[in-house]
K.L.:
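Okay, handing you the structure first.
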Number of protein chains: 2
Amino acid sequence: MRLSEFELEVMQLFWVCAQLSAPEAHQEIIKNKDVTYSTVKTIIDRLEKKGAIKRTSQKGRTIFYGAAIQSDDIKQPLISSFIKKVFGGETRPLFNHLVNEEKLSRDDIAYLEELLEKKKKELD
Amino acid sequence: MRLSEFELEVMQLFWVCAQLSAPEAHQEIIKNKDVTYSTVKTIIDRLEKKGAIKRTSQKGRTIFYGAAIQSDDIKQPLISSFIKKVFGGETRPLFNHLVNEEKLSRDDIAYLEELLEKKKKELD
DNA sequence: CAACTATATCGACAAGTGTAGATTTATGAG
DNA sequence: CTCATAAATCTACACTTGTCGATATAGTTG
């Protein structure tokens with residue numbers, strides 16, 4: 001399933017919050033960008049039509065939605081295709097960028113080193 | 001400057017090849033996807049209009065183009081915004097994915113470790 | 001030089017995307 | 001029970017994107 005940029009942004013809310021109404025989602029979104037309720041609701045409608053979220057309950061007129069797809073099912077392919085598109089599938093240039101251009105703290109580095117240690121053991 | 005997915009794909013050619021004509025670009029592209037010359041030429045026209053490439057020379061009727069923007073000027077923001085969109089700006093989940101889901105060779109791991117060593121020294 | 005052919009140029013179109021106004025309607029408050 | 005209001009529903013529109021065909025034209029070749 002392909003999600004547009006904005007759809008993904010809204011979807012993230014549902015991956016964090018189990019239940020969310022359109023007005024609530026709108027409240028969250030406008031913390032970052034200035035859009036009307038209608039706009040957010042349209043995105044929610046499209047997500048529903050795509051089967052990315054589904055109605056889970058209702059309180060008064062207000063409909064609550066919940067994620068109907070796993071975050072990983074969307075993100076994994078997204079990452080792979082991103083690496084492919086931007087780096088021709090090579091991970092090294094990406095690591096390079098990550099380590100050198102993004103602000104890594106010492107903790108981040110330690111975290112990564114630990115990941116690598118684990119990975120090395122698995123490879124044996 | 002924002003590039004569409006296909007525009008980026010074509011742009012990659014110009015970052016590898018200093019000079020490229022539309023027919024040549026087309027030849028390259030059809031190695032991966034089945035599109036007509038017209039389609040590729042349209043993308044090239046749009047890239048030119050955007051100022052991403054420019055005409056560098058001409059041989060007969062054939063126009064040669066070259067990149068007018070640096071690869072990094074496009075890729076760096078692309079990576080940052082990707083991390084933000086998909087991981088809320090957190091690099092760790094991305095590292096997690098990279099180390100565990102993408103196929104890393106021992107060499108890749110060694111490479112990354114070296115990167116990290118260097119980085120650590122820089123931080124001192 | 002005339003015809004052929006490869007390129008360039010131009011216009012077009014459907015689908016997807018971000019955006020939002022207008023309209024309907026179910027509820028909760030009085 | 002009526003009414004105000006919030007939420008849902010519906011419709012719309014401009015812009016981007018991928019896609020290409022038709023047409024014009026400049027070189028190349030016999």
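No hydrogens, no waters, no symmetry mates; every other heavy atom, side chains included, goes into these values. Below, chains carry the letters A, B, ... as their sequence lines are ordered, and counting in each starts from 1.
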K.L.:
Please work out if T39(A) contacts a base, only the sugar-phosphate, or nothing of the nucleic acid, heavy-atom cut-off 4.0 Å.
P.N.:
base
K.L.:
Regarding R46(A), tell me which of base, sugar-phosphate or nothing describes its non-hydrogen contacts under 4.0 Å with the strands shown.
P.N.:
base
K.L.:
Y37(B) side chain N/O closer than 4.0 Å to the phosphate oxygens (OP1, OP2) of dT19(D)?
P.N.:
no
K.L.:
Choosing from dT9(C), dC20(D), dG18(C), which nucleotide comes nearest the side chain of T36(B)?
P.N.:
dC20(D)
K.L.:
Between K120(B) and E113(A) (salt bridge meaning N to carboxylate O under 4.0 Å), is one present in this structure?
P.N.:
yes
K.L.:
For T42(A), report the nucleic acid contact type (base, sugar-phosphate, nothing); a contact means any heavy atom under 4.0 Å.
P.N.:
base
K.L.:
Of D34(A) and G60(A), whose closest DNA chain C nucleotide lies nearer the 5' terminus?
P.N.:
D34(A)
K.L.:
Under 4.0 Å, heavy atoms only, any strand: does S4(A) hit a base, just the sugar-phosphate, or nothing?
P.N.:
sugar-phosphate
K.L.:
Given atom CG of N32(A) and atom P of dT19(C), what is their separation to the nearest angstrom?
P.N.:
13 Å
K.L.:
For I30(A) and dG18(C), give me the distance from atom CD1 to atom C1', rounded to whole Å.
P.N.:
17 Å
K.L.:
Using whole Å, what does the distance between atom P of nucleotide dA8(C) and atom CD of Q58(B) come to?
P.N.:
8 Å
K.L.:
Across the strands shown, which category fits K33(A) at heavy-atom distances under 4.0 angstrom: base, sugar-phosphate, nothing?
P.N.:
sugar-phosphate
K.L.:
Using 30° and 60° as the class boundaries, would you call the ring planes of Y65(B) and F14(B) parallel, tilted or perpendicular?
P.N.:
perpendicular
K.L.:
Nearest whole Å is fine: how far is dG11(C) P from D45(B) CG?
P.N.:
12 Å
K.L.:
For the pair made of CD in E48(A) and P in dC10(D), what is the distance, rounded to whole Å?
P.N.:
11 Å
K.L.:
Within the structure, does a side-chain N or O atom of K41(B) lie under 4.0 Å from either OP1 or OP2 of dT9(C)?
P.N.:
yes
K.L.:
Could you check how far NZ of K59(B) sits from P of dA8(C), rounded to whole Å?
P.N.:
14 Å
K.L.:
Describe the nucleic acid contact of S38(B) in one word from base, sugar-phosphate, nothing, applying a heavy-atom distance below 4.0 Å.
P.N.:
base
K.L.:
Any donor-acceptor pair under 3.5 Å joining the side chain of R61(A) to the base of dT25(C)?
P.N.:
yes
K.L.:
Tell me the interatomic distance from K85(A), atom NZ, to dT17(D), atom P, rounded to whole angstroms.
P.N.:
12 Å
K.L.:
Select one nucleotide: of dT19(D), dT7(C), dT17(C), the one nearest the side-chain heavy atoms of P23(B).
P.N.:
dT7(C)
K.L.:
Is the closest side-chain donor-acceptor distance between D45(B) and T42(B) under 3.5 Å?
P.N.:
no
K.L.:
Can you measure Q27(A) atom CD to dA7(D) atom P for me and round it to whole angstrom units?
P.N.:
9 Å
